[in-house]
Peer 1: 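Mind looking over this structure? Questions follow.
The figures here come from the full heavy-atom set of this structure, side chains too, leaving out hydrogens, waters and symmetry mates. All ligand and atom numbering here is 1-based and tracks the order in the structure.
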Amino acid sequence: MNADLSSTHKHIVILGGGTAGWMSASLMMAKWKDKAVNITLVESPAIGIIGVGEGSTPQLKTFFEQIGIEESEWMPACNATYKNGITFKGWSSRPGFNSYFHPFASRIDAFSAPAFFYNSMFRRKGISVDSHPDRFYLSAYLAKHHKSPIPNENFPFPIGYGYHFDSGLLGQFLAKKSVQAGVNHIQAKVLDVGKHANGDLAFLQLDNGQQLSADFFVDCSGFNGELIQKHLAVPFHSYKDNLFNDNAVTIASSTGESINSQTISTTLKHGWAWDIPLTNRTGNGYVYSSDYTNANDAELELRQKLNLVDSDVEARHLKMKVGRVEKHWYRNCLAVGLSQGFIEPLEATALHFVQETIEGFIQAFEPASFSTKPQDTFNLNLNNRFEGIRDYIVAHYRLSSRDDTDYWRANSENPNISNTLKKIVNAWMAGEDLNQTFAANGKNSLPSYYPPFSWQCLLAGYGVFPEKLTQVGQTDPAHKYDLEYIDDFIQKCGLNFKDHKHYLENHL
Ligand SMILES: Cc1cc2nc3c(=O)[nH]c(=O)nc-3n(C[C@H](O)[C@H](O)[C@H](O)COP(=O)(O)OP(=O)(O)OC[C@H]3O[C@@H](n4cnc5c(N)ncnc54)[C@H](O)[C@@H]3O)c2cc1C
């Protein structure tokens, strides 16, 4: 096979029509529409898509900007809502820290976040100052008051936000747009693959008898990793030792009077449950470990949480394969989505990763004259990124102080944590300023794939502080910031944002 696509008209085949497949098709089409590149997407309706994954990070906004589609078009089509961040409930049993909010970053935080960093530093020195993150972030206020993150026109500070959406509808929406843009769509099952003499992929053998040849293949075939794992035999590294959850059960429920502008993640006995608001329903799911409970008991526990024990509303059970492939780009094949790996959905990072993978690939592939030269750097970057996200998710479990079941005790005692995570927690407990720790260069530098403020929200939000507390007077340097002034500032900023439901119904 000739992986050099620069010479003549070239053909890229994407295997899989889940969100990963259609996001890949959309971005490649948008970036390469003026190049001599043809794109075909093949998917099997008989196999179907996973059809979950309803929360995003702010990255998804830039995805739609790149493909030139407005919120007013895609959001109503996908029953989408806005997301200011995530509330974590029940992860910490430390008094005063039963819940905290992980906000998305905004420019306006520059006013209030320094007070949070300052106070949490003194709190780590054992001085009694308010250092719960929720008080310091406008997004936390907006989420608490069911407000949309879109300000009135006269408020000139954009707020970082993500989305919630129906993933099935999003796939259909992107499929329609991609086909309109010129993607060739084939519905068939891949039965086998043909290879060139050097081991590169040559064609997909479809169940309609067609042999689909291509110069380059994008494997978006889901957990099975049809091309990258099955046919190219790239090893898969499981994260089972670090992250115990391997199953999920989902149940939809009705929406309430108002629509939340946040995801809520609540701990249950053997995992945690998400609550994701859409315009027409609430998506709920329980992510759990099959080493500690079974599908029936997990479903019952979720139904009890939702007051749906006697309801005949359907539950869906899913298995999750948590970990990553050794190489995401191997020979003339790029794996994107669940085929490249998956970290459980606690921070809703999967589609963010899908987008980063495709964007990184486009940026690497094209300047290298559509050759495979940048593969090694590309794979190293993605693997580091995967491990960085894993560490942040592991931190949620390792630092949790819930201890009423074997599951939670095993998590908080889990010895399998990375050196990087150990160093981050040690730096925090030693009273270091994590903004500086992450920025430092040299042998003591720490790679941070989550921004320092996210780490500080997690650690302070769980109340991970020394036990002993000293009271000091208001004139002590620990009381540098006037917190009532910050409350007032945030509340007045909040006046510029409309009720979330009202905004969705009247402005999109
Ligand atoms: C419980 C759970 C919750 C999640 N929550 C979130 C979240 O909140 N946010 C987030 O960003 N992500 C989340 N995710 C991840 C998200 O669901 C996936 O990243 C996303 O849906 C992309 O999936 P995919 O396209 O890779 O795979 P799939 O949706 O499984 O699609 C695979 C495609 O490959 C096709 N295919 C497979 N084999 C063949 C074959 N032999 N021939 C032809 N076609 C084939 C299938 O037909 C299908 O079209 C969650 C995942 C799980 C399991």
Peer 1: When you measure from the heavy atoms of Trp22 to every atom of ligand 1, does any distance fall below 4.0 Å?
Peer 2: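 So Trp22 does not count as touching ligand 1.
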
Peer 1: What protein heavy atom sits nearest atom 37 (C) of ligand 1, and how far off is it?
Peer 2: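 Ranking protein heavy atoms by distance from atom 37 (C) of ligand 1, first comes Ser221 O, 3.3 Å.
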
Peer 1: Trp74 and Phe63: ring pair (Phe, Tyr, Trp, His ring centres under 6.0 Å), yes or no, with the steps?
Peer 2: CA-CA 12 Å; Trp74 80 265; Phe63 167 77; 8.8 Å; no

Peer 1: Phe342 near ligand 1, heavy-atom distance under 4.0 Å?
Peer 2: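 Contact check Phe342 vs ligand 1: positive.
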
Peer 1: Could you tell me the residue and atom name of the protein heavy atom closest to atom 41 (N) of ligand 1, and the distance to it rounded to 0.1 Å?
Peer 2: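 Looking at atom 41 (N) of ligand 1, the protein heavy atom closest to it is Val190 O, 3.2 Å.
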
Peer 1: Ligand 1 versus His352, non-hydrogen atoms closer than 4.0 Å: side chain, backbone, both, neither?
Peer 2: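 Looking at His352 and ligand 1, no heavy atom falls under 4.0 Å.
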
Peer 1: Under the side-chain contact (heavy atoms from CB on, under 4.5 Å) criterion, do Asn245 and Val322 qualify, and how do the steps go?
Peer 2: CA-CA 8 Å; Asn245 296 339; Val322 176; over 6 Å; no

Peer 1: Ignoring hydrogens and angles, tell me if any N or O in the side chain of Thr81 forms a donor-acceptor pair with the backbone of Pro277 under 3.5 Å.
Peer 2: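 At least one qualifying donor-acceptor pair exists.
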
Peer 1: Using a 4.0 Å heavy-atom cut-off, say whether Thr250 meets ligand 1 through its side chain, its backbone, both or neither.
Peer 2: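 Answer for Thr250: neither.
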
Peer 1: Taking the non-hydrogen atoms of Cys220, is any one of them nearer than 4.0 angstrom to ligand 1?
Peer 2: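 Contact present.
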
Peer 1: What's the shortest distance from atom 39 (C) of ligand 1 to any protein heavy atom, and which residue and atom give it?
Peer 2: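 For this ligand atom, the closest protein heavy atom is Ile47 CD1, 3.3 Å.
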
Peer 1: For Ala295, is there any backbone N or O sitting under 3.5 Å from a side-chain donor or acceptor partner on Glu299?
Peer 2: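 No; zero donor-acceptor contacts below 3.5 Å.
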
Peer 1: Around atom 11 (O) of ligand 1, find the nearest protein heavy atom and jot down its residue, atom name and distance.
Peer 2: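 Result for atom 11 (O) of ligand 1: Leu351 N, 2.8 Å.
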
Peer 1: Polar-atom distance check: Pro345 versus ligand 1, any N or O pair below 3.5 Å?
Peer 2: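 Checking ligand 1 against Pro345, no N or O pair falls under 3.5 Å apart.
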
Peer 1: Around atom 6 (C) of ligand 1, find the nearest protein heavy atom and jot down its residue, atom name and distance.
Peer 2: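 Sorting protein heavy atoms by distance from atom 6 (C) of ligand 1 puts Gly53 CA, 3.1 Å first.
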
Peer 1: Should the pair Lys319 and Phe223 be classed as cation-pi, given the thresholds of under 6.0 Å to the six-membered ring centre and 45° from the axis?
Peer 2: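 Lys319 over Phe223 ring: no.
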
Peer 1: Examine the proximity of ligand 1 to Ala20 and report which part, side chain or backbone, both or neither, has a heavy atom under 4.0 Å away.
Peer 2: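 Ala20 to ligand 1: contacts from backbone and side chain alike.
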
Peer 1: Are Phe97 and Trp91 close enough that their ring centres sit under 6.0 Å apart?
Peer 2: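 Centroid separation for Phe97 and Trp91: 6.0 Å or greater.
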
Peer 1: Closest non-hydrogen protein atom to atom 2 (C) of ligand 1, residue and atom name please, with distance?
Peer 2: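 I find the closest protein heavy atom is Val52 CG2, 3.6 Å.
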
Peer 1: For the 3.5 Å polar cut-off, considering only N or O atoms, please tell me whether Ser56 and ligand 1 meet it.
Peer 2: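 Such a contact does not occur with ligand 1.
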
Peer 1: Taking atom types as modelled, is there a side-chain donor on Thr255 or Thr282 under 3.5 Å from an acceptor on the other?
Peer 2: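 No donor-acceptor contact under 3.5 Å links the two side chains.
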
Peer 1: Between Tyr462 and Phe88, does the ring pair (Phe, Tyr, Trp, His ring centres under 6.0 Å) criterion hold? Intermediate values first, please.
Peer 2: CA-CA 9 Å; Tyr462 273 28; Phe88 291 88; 7.4 Å; no

Peer 1: Counting heavy atoms only, which of Gly55, Ala350, Gly283, Ala175 is nearest atom 15 (C) of ligand 1?
Peer 2: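 The option holding the nearest heavy atom is Ala350.
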
Peer 1: Does the separation of the ring centres of Phe497 and His145 fall below 6.0 angstrom?
Peer 2: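 Between His145 and Phe497, which both carry aromatic rings, the centre distance is not below 6.0 Å.
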
Peer 1: Under 3.5 Å, N or O to N or O, is Pro45 touching ligand 1 that way?
Peer 2: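 No.
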
Peer 1: Please confirm whether Phe216 and Phe361 have ring centers closer than 6.0 angstrom.
Peer 2: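 Judged by ring-centre distance (under 6.0 Å), Phe216 and Phe361 do meet the cut-off.
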
Peer 1: From the options Ser24, Ser339, Gly48, select the one whose nearest heavy atom is closest to atom 46 (C) of ligand 1.
Peer 2: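 Going through Ser24, Ser339, Gly48 one by one, Gly48 has the nearest heavy atom to atom 46 (C) of ligand 1.
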
Peer 1: Would you please determine whether Ala46 falls within less than 4.0 Å of ligand 1 on a heavy-atom basis?
Peer 2: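 Per 4.0 Å heavy-atom rule, Ala46 does not contact ligand 1.
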
Peer 1: With a 4.0 Å cut-off on heavy atoms, does Thr19 reach ligand 1?
Peer 2: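 Yes, Thr19 has heavy atoms under 4.0 Å from ligand 1.
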
Peer 1: Give the single entry among Ile50, Val322, Ile186, Leu227 that approaches atom 28 (P) of ligand 1 most closely by any heavy atom.
Peer 2: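 Comparing heavy atoms across Ile50, Val322, Ile186, Leu227, the nearest one to atom 28 (P) of ligand 1 lies in Ile50.
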
Peer 1: So is Gly285 touching ligand 1 or not, going by heavy atoms under 4.0 Å?
Peer 2: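 In this structure, Gly285 fails to qualify as a contact of ligand 1 - no heavy atom is under 4.0 Å.
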
Peer 1: Looking only at protein heavy atoms, which one is nearest to atom 35 (C) of ligand 1, and how far off is it?
Peer 2: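 So the nearest neighbour among protein heavy atoms is Gly16 CA, 3.7 Å.
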
Peer 1: So between Gly171, Gly337, Gly222, Gly18, whose heavy atom ends up nearest atom 27 (O) of ligand 1?
Peer 2: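 Going through Gly171, Gly337, Gly222, Gly18 one by one, Gly222 has the nearest heavy atom to atom 27 (O) of ligand 1.
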
Peer 1: Would you check whether Val287 reaches within less than 4.0 Å of ligand 1, judged by its heavy atoms?
Peer 2: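 No, that is not the case, since the closest heavy atom of the residue is not under 4.0 Å from the ligand.
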
Peer 1: Below 3.5 Å, N or O to N or O, backbone or side chain included: is there any such pair between Gly17 and ligand 1?
Peer 2: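 Such a contact does occur with ligand 1.
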
Peer 1: Can Gln262 and Leu142 be said to form a side-chain contact (heavy atoms from CB on, under 4.5 Å), step by step?
Peer 2: CA-CA 9 Å; Gln262 60 172 321; Leu142 298 178; over 6 Å; no

Peer 1: Does Asn242 reach the main-chain N or O of Asn416 with its side chain, forming a donor-acceptor pair under 3.5 Å?
Peer 2: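 Yes, Asn242 side chain to Asn416 backbone: donor-acceptor pair under 3.5 Å.
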
Peer 1: Does the separation of the ring centres of Tyr392 and Tyr449 fall below 6.0 angstrom?
Peer 2: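 No - the distance between ring centres of Tyr392 and Tyr449 does not fall below the 6.0 Å cut-off.
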
Peer 1: Between Glu301 and Tyr288, is there a side-chain donor-acceptor contact under 3.5 Å, judged purely by atom types and distance?
Peer 2: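 The answer is no; no qualifying pair exists.
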
